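Throughout, residue positions are numbered sequentially from 1 according to the sequence presented. These figures come from a predicted structure and were not determined experimentally.
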Amino acid sequence: MIQLVEDQLDIDTYLRLRQAVNFKPLTRDQAQRALSNSLYILTAYMDGKAVGMGRIVGDASVVCYVQDLIILPEVQGQGIGGLILETLKKFVINIGFEGTTMMFCLMCAKGREHFYEKHGFIARPTENLGPGMITYLEL
């Protein structure tokens with residue numbers, strides 16, 4: 001069973017999750033500032049172990065970005081990423097102004113486009129990198 005915990009991710013767990021999926025290494029100071037400046041952090045636990053996370057960064061008015069959507073390789077394909085992403089989307093909808101449009105964006109790792117397309121994002125490809133993706137949330 002997956003347990004989602006809001007805004008309680010510690011630096012060591014954050015760095016371990018990033019390392020597990022070969023994200024660029026961060027210093028502890030970078031990690032601390034990144035977590036502190038996040039609008040929202042969601043961590044997924046399975047049997048007491050952190051197995052995934054995602055966070056929202058942005059201005060909470062015009063644009064919010066999904067950052068560091070990470071699922072440990074050994075539990076990918078079990079719906080955890082979709083659960084995190086949909087919970088992040090609900091957070092953004094709830095902080096927006098009613099009757100407005102919020103840009104909900106992310107930078108997609110190459111090869112992960114299909115996952116995000118299933119959740120309503122559209123691709124904006126570049127020559128050398130996986131696409132930035134966006135969906136507009138009607139609030």
Side-chain angles (χ1 to χ4, degrees):
M1 183 169 148
I2 298 300
Q3 177 188 13
L4 298 178
V5 176
E6 299 176 319
D7 297 322
Q8 294 184 27
L9 182 62
D10 64 88
I11 295 171
D12 292 326
T13 302
Y14 177 47
L15 292 173
R16 272 195 304 278
L17 289 169
R18 289 180 58 88
Q19 182 180 26
V21 295
N22 298 314
F23 278 15
K24 284 188 175 187
L26 301 177
T27 67
R28 290 183 69 77
D29 287 339
Q30 282 181 299
Q32 180 60 61
R33 184 177 291 174
L35 294 176
S36 295
N37 288 332
S38 298
L39 294 173
Y40 182 66
I41 303 168
L42 193 64
T43 310
Y45 290 87
M46 181 184 290
D47 299 323
K49 176 185 175 187
V51 295
M53 67 155 298
R55 62 190 184 100
I56 297 294
V57 298
D59 63 19
S61 180
V62 176
V63 62
C64 284
Y65 292 86
V66 176
Q67 187 64 41
D68 299 325
L69 182 58
I70 299 169
I71 307 301
L72 292 180
E74 61 266 25
V75 296
Q76 289 179 5
Q78 297 183 29
I80 300 167
L83 178 62
I84 291 173
L85 187 57
E86 290 303 315
T87 304
L88 295 175
K89 184 189 287 187
K90 287 177 189 172
F91 170 82
V92 172
I93 289 169
N94 287 330
I95 63 171
F97 295 106
E98 188 174 339
T100 66
T101 299
M102 176 90 71
M103 288 186 294
F104 190 45
C105 308
L106 59 89
M107 295 304 295
C108 177
K110 198 135 182 93
R112 301 290 189 206
E113 297 87 350
H114 182 69
F115 169 79
Y116 292 105
E117 289 168 350
K118 288 190 312 186
H119 293 276
F121 288 84
I122 57 172
R124 298 171 33 186
T126 66
E127 185 173 321
N128 297 318
L129 302 172
M133 301 178 82
I134 187 170
T135 187
Y136 290 94
L137 303 177
E138 299 298 326
L139 309 176

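With values rounded to the nearest 0.5 angstrom, M46 atom CE is found 4.0 Å from I80 atom CD1. Rounding to the nearest 0.5 angstrom, the gap separating the NE2 atom in H119 from the NE2 atom in H114 is 9.0 Å. For the atom pair I71 CD1 and Q76 CD, the distance stands at 7.0 Å (nearest 0.5 Å). In this structure, CD1 on I56 lies 7.5 Å from CD1 on I95, to the nearest 0.5 angstrom. With rounding to the nearest 0.5 angstrom, the CG atom of L42 is 4.5 Å from the CG atom of L4. Rounding to the nearest 0.5 Å gives a distance of 5.5 Å between CG of L137 and OG1 of T135.
Residues I93 and Y65 fall into different hydrophobic clusters, defined by Ile, Leu, Val, Met, Phe, Trp and Tyr side chains chained together at heavy-atom separations under 4.5 Å. Hydrophobic cluster membership is shared by L15 and V21, with clusters built from Ile, Leu, Val, Met, Phe, Trp and Tyr side chains linked at under 4.5 angstrom.
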Problem set entry | side chain to side chain contact (heavy atoms under 4.5 Å, CB included) evaluation trace for L106 with Q67 | CA-CA 7 Å; L106 59 89; Q67 187 64 41; over 6 Å; no
For this session: Apply side chain to side chain contact (heavy atoms under 4.5 Å, CB included) to Y14 and I41, showing your working.
Result: CA-CA 10 Å; Y14 177 47; I41 303 168; over 6 Å; no
For this session: Show your working on side chain to side chain contact (heavy atoms under 4.5 Å, CB included) between R28 and D12 and close with a plain yes or no.
Result: CA-CA 8 Å; R28 290 183 69 77; D12 292 326; 2.6 Å; yes
Problem set entry | Chi angles and distances behind the side chain to side chain contact (heavy atoms under 4.5 Å, CB included) call for I134, I122 | CA-CA 6 Å; I134 187 170; I122 57 172; 4.1 Å; yes
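Checked against a 6.0 Å centroid threshold, the rings of F104 and F121 count as neighbours.
The local environment of CZ in F23 is crowded, with over 12 non-hydrogen atoms from other residues, nucleotides or ligands closer than 6.0 Å. More than 12 heavy atoms of other residues, nucleotides or ligands shown are found within 6.0 angstrom of CD on Q78.
Annotation: side chain of C64 is not in contact with side chain of V57 (no heavy-atom distance under 4.5 Å). In this structure the side chain of L39 reaches within 4.5 angstrom of the side chain of F91, judged on heavy atoms. The side-chain heavy atoms of L9 and M53, taken from C-beta on, include a pair separated by under 4.5 Å. Residues M102 and V62 have side chains not in contact (no heavy-atom distance under 4.5 Å, counting atoms from C-beta outward). Counting heavy atoms from C-beta on, the side chains of E6 and T43 never come closer than 4.5 Å. The side-chain heavy atoms of V66 and C105, taken from C-beta on, include no pair separated by under 4.5 Å. No side-chain heavy atom of Y45 sits less than 4.5 Å from a side-chain heavy atom of I2.
For the residue pair I84 and G52, the shortest heavy atom distance occurs at CD1-C, 3.9 Å. Nearest heavy atom pair, residue L17 against residue I70, reads O-CG2, 3.5 Å. Residues A50 and L72 approach most closely at O-CD1, 3.5 Å, considering heavy atoms. The minimum heavy-atom distance between F97 and S61, with the atom names listed, is CE1-OG, 3.6 Å. Listed here is the closest heavy atom pair of A20 and P73: O-CG, 3.7 Å. Residues C108 and Y116 share a closest heavy-atom pair of SG-CD1, 3.6 Å.
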May I have the list of side-chain donor-acceptor pairs in residues 31-38 shorter than 3.5 Å, sequence neighbours left out?
from, atom 1, to, atom 2, distance (Å)
Q32, NE2, S36, OG, 2.8
S36, OG, Q32, O, 2.9
N37, ND2, R33, O, 3.4
S38, OG, A34, O, 2.7
S38, OG, R55, NH1, 2.8

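Applying the side chain to side chain donor-acceptor pair (under 3.5 Å) rule to pairs touching residues 88-99 yields nothing, sequence neighbours excluded.
Using a cutoff of 4.0 Å between basic side-chain nitrogens and carboxylate oxygens, R112 and E117 are not scored as salt-bridged.
Inspection of the E138 and T101 side chains reveals an N or O donor paired with an N or O acceptor under 3.5 Å.
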